[in-house]
Amino acid sequence: MMASTTSATAAAAAFGGAAAAKPRGSSSSVPCPRVSASGRRRSGVVWCDAGVEAQAQAVAKAASIAALEQFKISADRYMKEKSSIAVIGLSVHTAPVEMREKLAVAEELWPRAIQELTNLNHIEEAAVLSTCNRMEIYVMALSWNRGIREVVDWMSKKSGIPASELREHLFMLRDSDATRHLFEVSAGLDSLVLGEGQILAQVKQVVRSGQNSGGLGKNIDRMFKDAITAGKRVRCETNISAGAVSVSSAAVELALMKLPKTESLSARMLLIGAGKMGKLVIKHLIAKGCKKVVVVNRSVERVDAIREEMKDIEIVYKPLSEMYEAAAEADVVFTSTASETPLFTKEHAEALPPISDTMGGVRLFVDISVPRNVSACVSEVGSARVYNVDDLKEVVEANKEERLRKAMEAQTIITQELKRFEAWRDSLETVPTIKKLRSYADRIRASELEKCLQKIGEDNLNKKMRRAIEELSTGIVNKLLHGPLQHLRCDGSDSRTLDETLENMHALNRMFSLDTEKAIIEQKIKAKVEKTQN
């Protein structure tokens, strides 16, 4: 699912071949058998020519110089544009489920995806948010155009979808637009079901996954944490989630809408998958008055836990091996598993017995999984109807006007949180200047202190006197730096103070020739070069 295994193998072979190749040197160089301390002969060879080591050092030095020169050139180029936060993705609003399922990344694979993305030349930080309704990649890019191109190519390789076709469905947002989008996603404003709460839990999981794997960088981590704050505030202060339906509740509502009204509560319900989504399906079946549901799951423990929690419904457990037998006895089949291959195909549906006319004569498959658990070809069977997450829009239209009013209220909160995050990002710009100014002053202090001590003479100083002189020099520097450093620090909560702080930063950079912006870019590119070489 990730980058091509064949390419990775070829690359590994190439590096392996380079490492194993015989060093170029004198033709008299001959391999000596490798011998252990015990005198036993070991596999492999050691080159005995003393000139080879010196030659290798020279080659390494030349490579280092070439790399340094290259990233200096790159630094001048990147000075024209600052690192950008970007989101590249697609959702239920821009792409059909057939495309989303090819790009879906299982939660346990998020750390691996983040590692692959941050290995790209122009990507510093990354996070992946992959749900049934969206697949979005958030990055901190050294270069907007190059970074976007690399991410789109990565998505294309992962999914097998040509980049040209992918671009027709992708959305790309930058800096404040990207941040606002994430805040809206976390608040449930971009969900198919406006105000639904599950997306907030999924945003929280991105942070937990990143913390466990160490994959999130400073900017992306802070952005996601602030998005969680925005999501919580919106739900608490606007009550947008009151009466709002989740994907699971919309699935239940849709199924009952498609059944004959007089028979909806007597329909035989089957749920395949007892995860978070499946559990919510049972909860909403209870709310609608359903008294019995059959649950197919790999293990009985999770089903027992749900049964213990939900006493108002009869839950019958069936193992995965009896899934098709259970489907044969069901009028409605809900599917919610992490399977990457369809559980039901046309052949499976054709093999199932017919449904009674009182239930409409058709078996309903309500598939809320991405990738889909029910193949699209099942809809070709006359006795079956298939609905997936894209079909839930029919249910979502209910009470839309009231939820849109609450969404407008939510935008005020999101704007407040967006300003707070952007102020924090802006305040980070002063950190390199603070460090460079402190380092500059310390170098002068150390140099002048050394001159002073040499004039006095080591013999004329005891430890107490030397320490007193050092403390004097440090105190003078600290006192002198106190004013400038205070004017470089702000909490980012006051835009006027922040503007003044940034003006002070640029003034100090000019006065002391600190050149912090170029230094930062050079440091980032150097880190990328070293990471690639390793």
Side-chain angles (χ1 to χ4, degrees), residues 85-97 100 127-139 169-207 220 222-251 253-254 276-277 280 368 370 389-422 424-425:
I85 288 178
V87 56
I88 308 98
L90 39 76
S91 70
V92 66
H93 306 299
T94 68
V97 67
R100 299 200 310 274
V128 175
L129 177 59
S130 181
T131 73
C132 60
N133 282 333
R134 68 186 66 251
M135 162 52 173
E136 298 176 356
I137 296 173
Y138 293 84
V139 298
H169 299 275
L170 288 176
F171 63 85
M172 305 173 191
L173 299 171
R174 183 176 186 176
D175 292 327
S176 60
D177 290 334
T179 306
R180 177 178 287 277
H181 173 75
L182 177 60
F183 288 10
E184 290 175 349
V185 167
S186 182
L189 302 186
D190 193 63
S191 297
L192 178 63
V193 181
L194 194 66
E196 59 100 359
Q198 191 170 8
I199 186 63
L200 180 58
Q202 290 162 335
V203 172
K204 289 179 181 177
Q205 188 54 38
V206 172
V207 176
I220 299 294
R222 175 63 181 256
M223 181 173 70
F224 268 80
K225 287 177 179 176
D226 283 1
I228 292 169
T229 300
K232 289 179 178 177
R233 282 193 62 196
V234 166
R235 285 169 175 80
C236 291
E237 298 176 30
T238 69
N239 207 26
I240 194 171
S241 58
V245 288
S246 65
V247 170
S248 298
S249 66
E253 192 72 38
L254 180 65
K276 295 176 183 177
M277 300 276 279
L280 288 173
I368 55 176
V370 177
V389 289
D390 288 0
D391 297 310
L392 301 181
K393 295 176 183 177
E394 184 178 347
V395 178
V396 172
E397 291 301 314
N399 302 319
K400 187 174 182 179
E401 184 176 340
E402 174 64 16
R403 293 201 304 277
L404 285 176
R405 185 185 64 78
K406 293 178 180 178
M408 291 177 66
E409 295 175 14
Q411 286 294 348
T412 302
I413 296 171
I414 286 174
T415 298
Q416 292 171 358
E417 292 298 325
L418 178 61
K419 287 181 178 178
R420 194 165 68 90
F421 173 74
E422 290 186 331
W424 172 82
R425 272 197 78 199

Please find the pair of heavy atoms, one from [X] and one from [Y], that lie closest to each other, and give the distance.
{"X": "R134", "Y": "I199", "value": "NE-CD1, 4.2 Å"}
{"X": "A178", "Y": "L173", "value": "CB-O, 3.5 Å"}
{"X": "A127", "Y": "I220", "value": "CB-CG2, 3.6 Å"}
{"X": "V234", "Y": "A410", "value": "CG1-CB, 3.5 Å"}
{"X": "T415", "Y": "R180", "value": "OG1-NH2, 3.1 Å"}
{"X": "M277", "Y": "C132", "value": "CE-SG, 4.2 Å"}

Using a 4.5 Å cut-off on heavy atoms from C-beta on, say whether the side chain of [Y] contacts that of [X].
{"X": "I228", "Y": "L200", "result": "yes"}
{"X": "H93", "Y": "F171", "result": "no"}
{"X": "T94", "Y": "L170", "result": "no"}
{"X": "V389", "Y": "V92", "result": "no"}
{"X": "K276", "Y": "Q202", "result": "no"}
{"X": "Y138", "Y": "I85", "result": "no"}

Spacing of [X] atom [atom1] and [Y] atom [atom2] [to the nearest 0.5 Å]:
{"X": "E417", "Y": "T179", "atom1": "CD", "atom2": "OG1", "result": "12.0 Å"}
{"X": "I413", "Y": "R235", "atom1": "CD1", "atom2": "CZ", "result": "11.0 Å"}
{"X": "M172", "Y": "I137", "atom1": "CE", "atom2": "CD1", "result": "10.5 Å"}
{"X": "T238", "Y": "E409", "atom1": "OG1", "atom2": "CD", "result": "6.5 Å"}
{"X": "M223", "Y": "L418", "atom1": "CE", "atom2": "CG", "result": "10.5 Å"}
{"X": "F224", "Y": "L129", "atom1": "CZ", "atom2": "CG", "result": "5.5 Å"}

task = Take I368 and S248 through the test side chain to side chain contact (heavy atoms under 4.5 Å, CB included) and record every step on the way to the result.
result = CA-CA 7 Å; I368 55 176; S248 298; 4.1 Å; yes
key: Intermediate values then yes/no, side chain to side chain contact (heavy atoms under 4.5 Å, CB included), V370 and M135   = CA-CA 10 Å; V370 177; M135 162 52 173; over 6 Å; no
query = Between the side chains of S91 and R100, is a donor N or O closer than 3.5 angstrom to an acceptor N or O?
reply =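 R100 and S91 do not have a side-chain donor-acceptor pair below 3.5 Å.
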query = Are any side-chain N or O atoms of D390 and backbone N or O atoms of V97, one a donor and one an acceptor, separated by less than 3.5 Å?
reply =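 Yes, because the side chain of D390 sits within donor-acceptor range (under 3.5 Å) of the backbone of V97.
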